[in-house]
Amino acid sequence: MGTFTIFLILIVVVAFLLVVVIMVQNPKGGGLSSSFGGGGTQQLGGVKKTTDFLDKSTWTLATLLLVLILVSNVAIGTDEGTTDSKALDTDAQTAQPLPTAPAALPAPVDTGTTATDSTGSN
């Protein structure tokens with residue numbers, strides 16, 4: 001597995017965690033954070049304020065996501081696979097086969113009627 005693939009998997013995991021943390025938050029205080037003791041007087045796993053924990057984790061995950069994206073840009077050039085476009089390859093053959101001429105159209109069939117004008121006379 002290449003370096004870029006590892007970074008890509010990490011980016012997806014961090015993005016998913018960031019979405020989950022953001023969805024748990026509620027700016028009016030009625031989200032899941034209030035049901036876990038986000039009032040500031042209770043504790044959840046040693047964290048005094050759940051809203052502070054969610055706020056810090058949001059910033060941490062967002063920063064981590066940005067760093068992973070920037071580092072993956074550097075790692076994309078070191079991957080063993082070919083990342084160059086075939087359009088940039090000057091050694092490849094550029095000749096394309098010419099399109100074939102369309103078949104001749106059949107001659108119009110004469111039905112023996114003549115065209116009339118709008119008054120009905122010839």
Side-chain angles (χ1 to χ4, degrees):
M1 190 173 351
T3 308
F4 180 71
T5 307
I6 293 171
F7 278 114
L8 189 62
I9 292 170
L10 287 174
I11 288 170
V12 169
V13 169
V14 170
F16 176 75
L17 289 175
L18 185 62
V19 167
V20 168
V21 168
I22 290 173
M23 293 301 288
V24 167
Q25 295 179 11
N26 190 353
K28 294 180 178 64
L32 289 177
S33 63
S34 66
S35 64
F36 287 135
T41 58
Q42 298 177 349
Q43 292 184 354
L44 172 68
V47 178
K48 291 185 179 181
K49 294 184 180 178
T50 306
T51 54
D52 287 345
F53 170 73
L54 292 175
D55 187 43
K56 287 179 184 178
S57 62
T58 301
W59 282 105
T60 304
L61 287 171
T63 305
L64 182 63
L65 182 66
L66 183 65
V67 167
L68 282 173
I69 289 171
L70 292 175
V71 173
S72 69
N73 191 23
V74 174
I76 200 168
T78 62
D79 207 7
E80 290 87 23
T82 58
T83 58
D84 293 335
S85 171
K86 292 194 185 270
L88 299 176
D89 190 12
T90 57
D91 297 334
Q93 290 182 345
T94 58
Q96 297 290 328
L98 294 175
T100 59
L105 296 174
V109 178
D110 187 20
T111 59
T113 59
T114 58
T116 60
D117 60 9
S118 62
T119 59
S121 61
N122 282 340

Point to revise | ILVMFWY network linking Ile9 to Ile6, side-chain heavy atoms under 4.5 angstrom | key: yes
When rounded to the nearest 0.5 Å, the distance separating CG of Leu65 from CG of Leu17 is 10.5 Å
Kindly work out whether a path of hydrophobic side-chain contacts (I/L/V/M/F/W/Y, heavy atoms less than 4.5 Å apart) joins Val21 to Trp59.
no
Notebook entry, point to check: For the hydrophobic clusters of this structure (ILVMFWY residues joined by side-chain heavy atoms under 4.5 Å, transitively), does one cluster hold both Leu66 and Leu8?
Noted result: no
(request) Please check if Leu10 and Val67 belong to a single hydrophobic cluster, counting links between Ile, Leu, Val, Met, Phe, Trp and Tyr side chain heavy atoms closer than 4.5 Å. (result) yes
In terms of heavy-atom contacts, Ala62 and Leu18 come closest through N-CD1, 4.0 Å
Of all heavy-atom pairs linking Ile11 and Ser72, the shortest is CD1-OG, 3.8 Å
Paired with Phe7, the side chain to side chain contact (heavy atoms under 4.5 Å, CB included) test is passed by just one of Val74, Ile69, Leu68, Asn73, namely Leu68
In Val14, Val12, Val20, the residue satisfying side chain to side chain contact (heavy atoms under 4.5 Å, CB included) with Phe16 is Val20
